[in-house]
Structures are given as structure tokens and as C-alpha cells.
**Q** 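Structure provided below as C-alpha cells; questions to follow.
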Amino acid sequence: MNCKDITVKRYPNNPILGPDKTHPWEAQAVFNGCPLKDERGYHLLYRALSFKEKHKDQTMELSTIGYVHSEDGYNFASERVQLIKPEKDWEQYGCEDPRVTKIDDKYYITYTALSDFPHSPDGIKIAVAITKDFKTIESKHLVTDFNSKAMVIFPERINGKIVAMFTMNTDKPPVKIMIAEFDTPEQLWDREYWVHWKKNMNANTLHFQRSLDDHIEVGTPPLKTKDGWLIMYSYIRNYRTEHPIFGIETALLELDNPVNVIGRSVKPLIKPEEIYEQYGVVPQITFPSGLLRDGDELRLYYGAADTVCAVATLSLKELLGFIKLKDSEECKDESEERIEFERFEGNPILQPTHNGDWESKYVLNPTAIYDDGKVHILYRAQNDDDTSVIGYAQTKDGFHITKKSDKPIYVPRIPEEIREEPGFSGCEDARITKINDRFYMCYTAYNGHGPARVAFTSIAKSDFRAEKWKNWTVPILISPEGMDDKNACLVSEKINGKYAFFHRLKHTIWLDFVEDLDFKQGRTLGGRSVMCSRPDLWDSEKVGIAGPPIKVGNEWLLIYHALSSHDGQYRLGAAMFDLSKSELTARLDYPILEPKADYENKGLRPGTVFSCGSVLMGDDLYIYYGGADEVVCAAKIEFKGLVDALKR
């Protein structure tokens with residue numbers, strides 16, 4: 001089933017709520033309305049925006065939170081009230097985007113509190129207001145002391161706990177969707193609670209983001225179904241470009257442990273199409289803000305063009321059938337014999353130091369090469385400012401580390417990989433190849449601005465063995481300017497008299513051939529796509545190479561990584577190529593390594609196994625990979641068995 005099978009019907013009388021020029025506080029826009037239905041009818045909390053006015057010491061458009069009641073959830077003709085407005089220092093420049101949940105006999109309204117103007121990341125936090133009647137606010141509290149937005153509280157306790165989900169680092173990417181559990185409502189604003197929570201926050205991360213170029217934000221409060229907690233969230237593709245695409249997507253979370261994702265949509269359920277979604281204060285926006293259920297009918301409330309409130313309906317049964325996906329074990333053909341990597345029982349083999357040095361925060365995505373009787377592992381390391389460098393370690397048996405450098409062996413040197421302010425940048429995800437007496441390394445150069453590019457450097461074998469790391473050549477950029485290109489490697493021997501490069505463009509694996517390795521006169525990688533994603537399988541979103549391919553007779557075995565559009569997880573697969581013809585000749589239908597271990601599901605990016613290299617020793621292929629984008633791990637597989645599986 002694909003998204004075309006899901007019927008989404010916009011309410012014919014949309015928008016259901018618009019600006020009111022007679023109320024200055026909501027004269028410009030009313031949007032992102034969150035509904036709650038109880039024995040008293042339908043309550044709608046919404047964000048209201050004034051035209052520019054004098055407020056405090058600024059002339060600005062001020063956001064506050066309005067309330068309106070309805071008998072049917074569509075017609076809101078009763079009196080509209082400005083329920084929440086700036087009163088505390090931590091909200092003095094605006095109150096945005098409410099979500100409401102009833103706990104016991106009180107309504108808890110979470111919202112975004114703005115403490116400064118112009119708004120800065122450190123001034124954007126989550127607050128909560130409490131009321132019993134939507135007439136009087138009993139109290140207000142600042143919930144988070146860090147950059148965050150869009151908190152929703154689950155409508156009932158889970159395992160005795162009050163559970164909330166929210167968006168962290170909305171303005172300090174990478175953005176994260178987080179879960180927090182509380183014993184009492186008062187813990188929501190307990191500073192000591194949050195200090196403790198931060199120490200274990202990686203275990204409370206949900207990952208829906210397909211690319212760091214995209215943005216994600218929590219949308220609706222969760223809706224309980226027999227199959228799991230249903231949520232709608234905002235997914236914004238190409239967020240940092242001039243043409244972001246705002247869409248509404250959905251996911252299903254486990255009932256007893258909502259940090260686990262059962263399934264998710266692969267495309268937007270709604271994106272801007274109607275006039276009221278395309279034109280307004282901020283054009284081309286649809287943003288989910290509330291979800292109600294009446295039998296099989298789901299009623300989705302959303303903001304349109306940051307100007308009005310709208311509603312759409314869809315079938316719950318149809319939606320659950322679309323997003324409740326079977327995992328690879330359930331889909332397995334019983335007659336099929338699978339071959340998979342066997343993890344090293346001592347994983348992870350490398351971990352971050354957490355001491356403030358160059359590898360304090362994360363170690364991940366290693367490449368590897370066998371030379372001079374040992375395996376050389378070159379891995380990506382990040383410091384607390386998120387600058388990536390390349391570290392070095394050795395193993396003689398493939399698993400146990402026998403030597404490790406106390407300094408990085410490769411650091412950013414050119415403008416395209418240097419960022420002046422903290423943030424993701426540097427030298428990422430290297431792949432190393434040896435041809436004759438020289439080692440060649442491709443890696444991703446990224447300075448935090450603009451697309452990532454492929455950088456290319458080399459070092460003499462004698463210098464590599466002597467660990468004379470200062471002798472790496474000055475890198476050159478070999479991918480097209482202005483295009484996001486990464487996951488590149490040089491093949492270890494010439495093909496038809498030319499050097500062969502794999503790289504990734506447009507979410508597919510490309511192959512190109514060059515006469516020499518100088519890349520003079522503006523030559524960059526191109527070629528053609530030789531392997532794409534498969535919409536109905538585990539590798540449905542995008543594919544890229546793991547490490548350089550390994551020659552098998554006249555063909556080449558390639559381990560590759562793939563992102564699933566169904567559950568957002570990275571897995572590894574295997575394929576075979578005839579490079580002399582630029583042809584894909586075989587490809588397994590199932591993954592050969594998928595994130596199942598604890599260390600692959602708790603970290604910066606839970607649900608991730610990501611490799612940049614493997615080595616053949618004896619009868620086994622040893623692979624080195626990043627677990628959850630935080631640690632370095634190892635596994636092995638019988639090489640002949642893998643080749644035979646591909647031949648079948």
C-alpha cells in the first residue's frame with residue numbers, strides 16, 4: 001500500500017477558524033489549533049498573532065494563546081478568549097503553539113515560551129499553564145531550561161508514569177524528538193529532574209529524520225489505538241534551503257514503551273495544496289496540531305500557512321494498515337536461508353571518551369584496510385563542539401584493539417570543512433583504498449553551510465606504516481559544487497584501464513570512471529546511477545556504499561547501507577557488480593546486519609548500523625560499523641557463504 005491508497009478529506013468549509021480583526025491580539029492570524037473533547041464539548045486552544053504593536057521595548061508581532069468552544073468540533077462561533085499571554089520573564093516576548101491534555105481534574109496546556117527578541121535559540125523553551133475551566137489560569141511554570149518546543153503529554157499514564165514527548169534543539173540542529181517520564185505533574189518543572197534526565201537522554205530519543213537537511217517537529221498529542229500510540233508530526237524536507245517542503249507525516253509507537261517505533265508513513269499525508277495552505281503569513285505550510293477519533297474516523301486539526309486553522313478526516317483502519325509494518329523477521333520466507341553478520345561479543349570496540357577531548361562526544365562510521373599483517377581502522381570522532389576528525393586504531397585478530405592513537409590522524413584543513421561556530425562540520429565518514437604503494441582516502445567535507453562534498457587525499461604506504469600522518473596530501477574536492485554528494489570510494493584496481501569511483505547522488509549509488517586521479521580542469525565525479533532504493537523493501541528511502549568493494553572473480557561484492565522510509569532505521573545489505581559493464585548483477589532482498597543490539601539503539605541516532613569499511617581475513621569478512629552514531633563496533637560473516645547467497 002502507498003500513500004495514494006489513503007484517502008484524506010479536507011473539511012469542505014475550511015478554514016474552521018481565522019483571524020478576527022475586532023480583536024487586536026488575533027487580528028493577523030490564528031493557527032495551530034489543538035482540540036480536546038470531553039463531557040463539556042470541544043475545546044480548542046490556538047496560537048494567535050497580532051499585527052505589529054508596541055510591546056515591552058520592542059515593536060513586534062506578538063503571539064499569545066486563545067481559547068474557543070464548540071459543540072461539534074467544526075463550528076467555533078462562541079466567544080474567543082485570550083487565555084495565555086506574556087506575564088513571566090521567560091515568556092515576555094510571546095506564547096506559541098499550545099497542546100492540551102487532561103490529567104485528573106486539570107487541563108495542562110504546554111506551549112512555547114519566548115524570553116527574548118529578536119528570538120534566539122536559548123530564548124525558546126517549553127512552558128506549561130494549568131487550568132480547571134479554561135477561564136482562569138491557576139499557575140504557569142517553565143518546563144525546560146534548554147532550546148525546545150512542541151511538548152505533548154500522553155492522555156493517560158504509561159506504566160504508572162506521566163509521559164511527554166517534545167522536540168529538542170529545534171533551533172540548534174541536529175533536532176531530536178525526545179521522551180520524558182514523570183512520577184507527578186510537578187516534576188514537569190522540577191530542575192533536578194531535568195538534570196538527571198539529561199544524563200540519560202540518548203535512551204529517550206526517537207528518530208524520524210531521514211536527512212540532516214530535513215527538519216522535524218512534534219505535532220499532535222498521541223492518540224491511543226489497540227495497535228499503538230498514533231501521532232502526527234511535521235516533516236520538513238530541505239529545511240535549510242530556499243524551498244522547504246512542509247508535510248504532515250504519521251507514526252505508530254509501542255503502547256507500553258513509546259520510545260519504540262512500530263511503523264511510520266513514507267510520504268506526507270498532507271502537504272500544501274489548497275489556497276488557504278499556500279497563501280498566508282508564511283506561505284506553503286501545513287502543520288499538525290491535534291487529533292481526535294470518532295469510531296473509524298480520524299479528525300486531524302492543522303495550521304495552514306501560519307494563518308488559519310483547518311481540519312481533515314481519514315480512516316483509522318486504513319492508516320493503521322499503512323503504517324503498521326512487519327519487521328524483516330516477520331516478513332521472512334521460511335524457505336529462504338539467510339546469511340547475516342555475527343556481532344563481536346565484546347562490542348563496542350571503541351567508545352567516546354566523554355572527557356572534553358577530540359573524541360569526547362561520538363566515535364562512529366569506521367573504515368578499515370588490511371596491511372602489513374594487521375587491520376587499520378580509521379574512524380570518525382566528534383568533540384563537544386561537533387567537529388569531526390579521523391582517529392586511528394589497530395587490531396590483529398579483527399576484534400580486539402591492540403593499538404590506538406591518542407591524537408587524530410586527520411583534521412579539517414580547507415574552508416569547505418571548517419566551521420567557525422560550534423556545530424556539525426569537519427571530516428566525516430572516510431573510505432580508504434590501497435593501490436600499489438599508496439593509500440587513497442575519500443571522505444565527506446562539511447562546513448555546516450551548504451551541501452556536503454567529497455574530498456580526496458592520499459598518503460604513501462611507507463608514511464602510512466610509519467604513522468607519519470602529517471604527510472597526507474592537501475585534499476581536493478572531487479564532487480560537483482552545489483550538490484549534496486558523499487559515500488564515495490576509489491575501487492582498488494583499474495577497470496577497463498580507468499580508475500573507478502562509487503559515490504552517492506540523489507539518494508542512489510553512482511559509478512564513474514576517470515583517466516587519472518588529478519581531477520584537473522574542474523573535473524568532478526559524475527557517471528550514472530547503478531543502484532537505487534526499493535520502495536517496498538527494507539532499503540526503501542536511500543542507499544549508499546559501506547566500504548570499498550571486494551573483488552570476487554570477475555565481479556565485485558559491495559556492502560551497502562540503506563535507510564528505510566518505513567521505520568527510519570539504517571541497515572546493511574549486499575550486492576554484486578560487474579564493473580566492466582557498470583552493471584548490478586545480484587542483490588539480496590534482506591539485510592545482513594540490522595540494529596538489534598542495545599548499543600545500536602541508544603545513542604545520537606537510535607536504530608543505526610552504518611559502515612564505511614570491511615576487510616577479508618582468512619575465510620571471514622570482518623566489518624566495522626558505527627552503532628547508533630555513537631560507538632564503533634565489529635562483526636564477521638563467512639565470506640563464501642555471503643558470495644553463495646548472492647549467486648543464488
Side-chain angles (χ1 to χ4, degrees), residues 1-5 208-214 235 237-238 245 247 249 264-268 322 325 328 331 429 431 442 444 451-454 479-480 482-491 495 500-513 524-550 555-594 607-612 642 645-648:
M1 182 182 286
N2 56 44
C3 277
K4 293 181 179 179
D5 298 317
F208 298 134
Q209 203 173 359
R210 301 185 187 101
S211 167
L212 288 177
D213 294 324
D214 299 339
Y235 196 96
R237 288 181 178 266
N238 308 321
I245 301 171
E249 299 195 14
R264 56 178 288 185
S265 57
V266 296
K267 294 179 181 178
F322 171 61
L325 302 168
S328 60
C331 293
D429 303 349
R431 275 91 172 171
C442 296
T444 300
R453 297 186 67 183
V454 175
S479 63
M483 299 183 71
D484 190 67
D485 198 347
K486 51 178 64 174
N487 301 160
C489 79
L490 171 65
V491 177
I495 307 297
F501 281 87
F502 281 102
H503 63 120
R504 194 193 82 196
L505 275 174
K506 302 175 182 178
H507 291 185
T508 68
I509 295 175
W510 286 53
L511 179 64
D512 195 13
F513 299 92
T524 57
L525 293 179
R528 68 180 183 87
S529 175
V530 291
M531 194 168 88
C532 302
S533 57
R534 296 177 289 190
D536 297 326
L537 293 179
W538 62 275
D539 48 4
S540 52
E541 177 71 17
K542 59 184 175 183
V543 293
I545 69 164
I550 298 170
E555 295 188 316
W556 294 79
L557 185 148
L558 181 75
I559 307 298
Y560 70 96
H561 68 258
L563 176 66
S564 167
S565 58
H566 304 296
D567 60 12
Q569 293 194 342
Y570 273 99
R571 299 172 173 86
L572 298 181
M576 196 77 80
F577 283 88
D578 183 341
L579 295 184
S580 66
K581 300 178 181 178
S582 300
E583 287 184 357
L584 173 67
T585 59
R587 184 178 182 181
L588 296 181
D589 288 336
Y590 57 87
I592 55 176
L593 185 66
E594 49 190 327
T608 297
V609 291
F610 194 101
S611 173
C612 296
L642 178 58
L646 282 161
K647 288 181 179 179
R648 289 197 297 268

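Note that these values count all heavy atoms, side chains included, but never hydrogens, waters or copies made by symmetry.
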**Q** Measuring only between side-chain heavy atoms, which start at C-beta, is Ile509 closer than 4.5 Å to Leu584?
**A** no
**Q** When rounded to the nearest 0.5 angstrom, what distance separates NE2 in His561 from CZ in Phe610?
**A** 4.0 Å
**Q** Please round to the nearest 0.5 Å and tell me the distance separating atom CZ of Phe577 and atom CE of Met531.
**A**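 One finds 5.0 Å between CZ of Phe577 and CE of Met531.
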**Q** Could you tell me whether the side chain of Asn487 and the main chain of Ile545 form a donor-acceptor pair under 3.5 Å?
**A** no
**Q** Could you check whether any side-chain heavy atom of Ser533 comes within less than 4.5 Å of a side-chain heavy atom of Lys542, counting everything from C-beta outward?
**A** no
**Q** Between Ala488 and Cys442, what is the shortest heavy-atom contact and its length?
**A** O-CB, 3.3 Å
**Q** Applying the side chain to side chain contact (heavy atoms under 4.5 Å, CB included) criterion to Lys486, which one of His503, Arg453, Arg504 satisfies it?
**A**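 In the set His503, Arg453, Arg504, the residue that makes a side chain to side chain contact (heavy atoms under 4.5 Å, CB included) with Lys486 is Arg504.
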**Q** Could you report the tightest heavy-atom contact between Asp484 and Pro451, atom names first, then the distance?
**A** N-CB, 3.6 Å
**Q** Could you state the interatomic distance from NZ (Lys506) to OG (Ser529), rounded to the nearest 0.5 Å?
**A**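 Result: 9.5 Å between the selected atoms.
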**Q** Can you sort out the partners of Tyr560 under ring-ring contact (aromatic ring centres under 6.0 Å, His included), two or more places apart, ordered by chain and number?
**A** Trp538
**Q** Using 0.5 Å steps for rounding, measure from the OG atom of Ser580 to the CD atom of Glu555.
**A** 8.5 Å
**Q** Identify the two heavy atoms, one from Asp512 and one from Gly526, that lie closest to each other, and give their separation to 0.1 Å.
**A**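 Taking Asp512 first and Gly526 second, the nearest heavy atoms are OD2-N, 2.8 Å.
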**Q** Between the main-chain N or O of Leu505 and the side-chain N or O of Trp510, is there a donor-acceptor pair closer than 3.5 Å?
**A** yes
**Q** Do the non-hydrogen side-chain atoms of Cys489 and Pro549 ever get within less than 4.5 Å of each other?
**A**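 Side chain of Cys489 against side chain of Pro549, heavy atoms only: contact under 4.5 Å found.
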**Q** Which atoms form the tightest heavy-atom contact between Arg571 and Ser564, and what is the distance?
**A** NH1-CB, 3.7 Å
**Q** Nearest 0.5 Å, what's the CZ-CG distance between Arg534 and Asp589?
**A**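 Here the rounded value is 5.5 Å.
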**Q** I need the Asp485 CG to Thr524 OG1 distance, nearest 0.5 Å.
**A**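 Rounded to the nearest 0.5 Å, the CG-OG1 separation comes out at 8.5 Å.
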**Q** Has the side chain of Thr585 got a donor or acceptor atom that lies under 3.5 Å from a matching backbone atom of Met576?
**A** yes
**Q** Is any side-chain heavy atom of Ile592 closer than 4.5 Å to a side-chain heavy atom of Ile559?
**A** yes
**Q** Minimum heavy-atom separation for Val543 and Arg587, please, with both atom names.
**A**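 Reported closest heavy-atom pair: CG1-NH2, 3.9 Å.
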**Q** Shortest non-hydrogen contact from Cys532 to Thr508?
**A** SG-CG2, 3.9 Å
